[in-house]
Amino acid sequence: MSRRRSPLLRRGRPLRRLAVSLLFVAVGTGLWHFQARELRDSLVWMGVPEWQQVSPTSFHRVLRNEGFLVGWSDVRVNPLWVSYRLQAVEDPRSGPRPGFRQDWRTLWPIGTDHYAGSGFDRGHLAPNYAIAAVHGRDAQLDTFYMSNMTPQRPDLNRRLWQRLEEVVMDHFVPRFGAVQVITGPVFPEGFLDNVFNRVGFVEVPEAFYKIIVVPAERPRALAFLMPQGVRGDEPLDDFLVSIDELEARTGLDFFPNLPAAAAEALEGRVSTRGWALEEVANRPGRFE
DNA sequence: TTTGCTGT
């Protein structure tokens with residue numbers, strides 16, 4: 001006895017196949033989002049920075065790297081913030097210093113010679129040594145992307161900023177076991193500064209911030225604001241500021257997931273208790 | 001070289 005299928009049933013099989021495919025896509029996408037979120041949570045503390053107000057200079061997108069996230073602006077042609085975590089490791093060391101690399105994810109082509117002859121250094125935001133020591137070789141290579149660079153005056157980059165990065169990795173990380181860092185540039189106000197104050201495509205910041213958090217039940221934070229025009233041998237604690245001040249200067253809201261009461265305690269004032277900053281504030285630079 | 005640039 002032969003059974004004839006109705007047209008509906010004959011269409012049923014492809015429909016079922018489509019449904020199964022859609023299910024796979026849905027599950028796959030869900031998993032992908034879950035993993036992306038897990039990855040993001042491992043690289044930030046209390047959420048990625050958000051804008052207090054939307055403006056033309058607030059457009060940015062998140063570039064995912066090994067060991068750190070970059071909030072990249074195709075308007076400023078700068079990283080606006082970089083976020084990473086540093087844990088104490090048994091034997092901190094890095095591989096040989098690699099060369100700088102163009103990042104093809106950026107809209108404007110920023111070649112490795114883009115700053116040449118400008119008087120500005122290609123200053124790392126996610127630092128080579130600390131990221132390499134904690135997160136490995138692939139992460140180290142990623143710190144040399146031009147999307148991780150910002151124009152810094154040599155006396156800042158090679159002296160004061162280098163001293164701060166060294167203190168973070170060699171003093172704070174062993175002291176607390178792990179720290180979360182957010183760092184980035186601060187730009188002058190005013191439209192003309194935005195448009196003309198550039199090295200090639202890249203806008204030149206007037207200062208740089210770095211926030212170091214010890215994640216805990218009662219978190220501690222230290223925040224620094226360092227202008228371009230330093231000598232380089234100043235005490236680090238000359239540049240302490242509150243996180244509230246950095247939010248006012250950058251327009252960003254750091255740690256948006258932090259409850260209001262905790263945010264007020266952490267961000268409203270400068271507190272250096274427990275950091276033993278005085279032990280390291282005058283530590284000389286490595287290359288002086 | 002735990003930062004880089006300039007000149008060969």
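Bear in mind that the values here come from a model prediction, so they are computed numbers and not experimental data. Chain A is the first sequence line, chain B the second, and so forth, proteins listed ahead of strands; every chain is numbered from 1.
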Please give the distance between the [atom1] atoms of [N] and [M] as a whole number of Å.
N	M	atom1	value
B:dT3	B:dG7	P	23 Å
B:dT2	B:dT6	C1'	22 Å
B:dG4	B:dT8	P	24 Å

Practice task
Just call it for A:Gly285: base, sugar-phosphate, or nothing, with non-hydrogen atoms closer than 4.0 Å on any strand.
Solution key: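 No contact.
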
Problem - Nucleic acid contacts of residues 121-136 of chain A, taken as heavy-atom distances under 4.0 Å to DNA chain B - result: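 Here the set is A:Asp121, A:Arg122, A:Gly123, A:His124, A:Asn128, A:Tyr129.
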
Handout entry: chain A footprint on DNA chain B, 5' to 3' - any atom under 4.0 Å from a heavy atom
Key =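 Nucleotide range with atoms under 4.0 Å of chain A: B:dT1 to B:dT6.
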
Handout entry: Residue met sooner reading DNA chain B from 5', once A:Ser94 and A:Tyr115 are mapped to nucleotides
Key =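 Of the two residues, A:Ser94 wins.
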
Problem - Most 5' of A:Ser118 and A:Arg286 on DNA chain B, judged by nearest nucleotide - result: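 Final value for this comparison: A:Arg286.
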
Practice task
Considering only Ile, Leu, Val, Met, Phe, Trp and Tyr, and joining two whenever side-chain heavy atoms are under 4.5 Å apart, list the other residues clustered with A:Trp104.
Solution key: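 Taking Ile, Leu, Val, Met, Phe, Trp and Tyr as members, A:Trp104 stands alone, with no cluster partners.
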
Name the atoms and distances for all side-chain donor-acceptor pairs under 3.5 Å in residues 256-269 of chain A, with sequence neighbours left out.
none

Handout entry: Pair A:Thr150, A:Asn78: side-chain N/O donor-acceptor within cut-off below 3.5 Å
Key =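 Note: A:Thr150 and A:Asn78 side chains meet the donor-acceptor criterion.
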
Practice task
Using distance alone, with no hydrogens and no angle criterion, decide if A:Ser83 and A:Gln180 have a side-chain donor and acceptor under 3.5 Å apart.
Solution key: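 There is such a pair between these side chains.
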
Tell me which donor-acceptor pairs under 3.5 Å the side chains of residues 128-147 of chain A have, and how far apart each pair is, sequence neighbours excluded?
{"from": "A:Asn128", "atom 1": "OD1", "to": "A:Gln140", "atom 2": "NE2", "distance (Å)": "2.8"}
{"from": "A:Tyr129", "atom 1": "OH", "to": "A:Pro92", "atom 2": "O", "distance (Å)": "3.3"}
{"from": "A:His135", "atom 1": "NE2", "to": "A:Arg85", "atom 2": "O", "distance (Å)": "2.7"}
{"from": "A:Arg137", "atom 1": "NH1", "to": "A:Pro96", "atom 2": "O", "distance (Å)": "2.8"}
{"from": "A:Arg137", "atom 1": "NH1", "to": "A:Gln140", "atom 2": "OE1", "distance (Å)": "2.8"}
{"from": "A:Gln140", "atom 1": "NE2", "to": "A:Gly95", "atom 2": "O", "distance (Å)": "3.3"}
{"from": "A:Asp142", "atom 1": "OD1", "to": "A:Arg101", "atom 2": "NH2", "distance (Å)": "3.1"}
{"from": "A:Asp142", "atom 1": "OD2", "to": "A:Glu66", "atom 2": "N", "distance (Å)": "2.9"}
{"from": "A:Thr143", "atom 1": "OG1", "to": "A:Gln140", "atom 2": "O", "distance (Å)": "2.7"}
{"from": "A:Ser147", "atom 1": "OG", "to": "A:Asp103", "atom 2": "OD2", "distance (Å)": "2.6"}

Handout entry: Near-ring test A:Phe176/A:Trp275, centroid separation under 6.0 angstrom
Key =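 Judged by ring-centre distance (under 6.0 Å), A:Trp275 and A:Phe176 do meet the cut-off.
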
Exercise for the section: Write out all pairs satisfying salt bridge (charged side-chain N to carboxylate O under 4.0 Å, His left out) with one or both partners inside residues 196-207 of chain A, taking only residues at least two apart or from two chains. Expected result: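 For residues 196-207 of chain A, and leaving out neighbouring residues, the salt bridge (charged side-chain N to carboxylate O under 4.0 Å, His left out) pairs sorted by first residue read A:Arg76-A:Glu203, A:Arg198-A:Glu203, A:Glu206-A:Arg249.
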
Handout entry: Sole candidate of A:Gln152, A:Glu165, A:Glu234 that passes side chain to side chain contact (heavy atoms under 4.5 Å, CB included) when paired with A:Leu160
Key =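 Only one option passes, and that is A:Glu234.
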
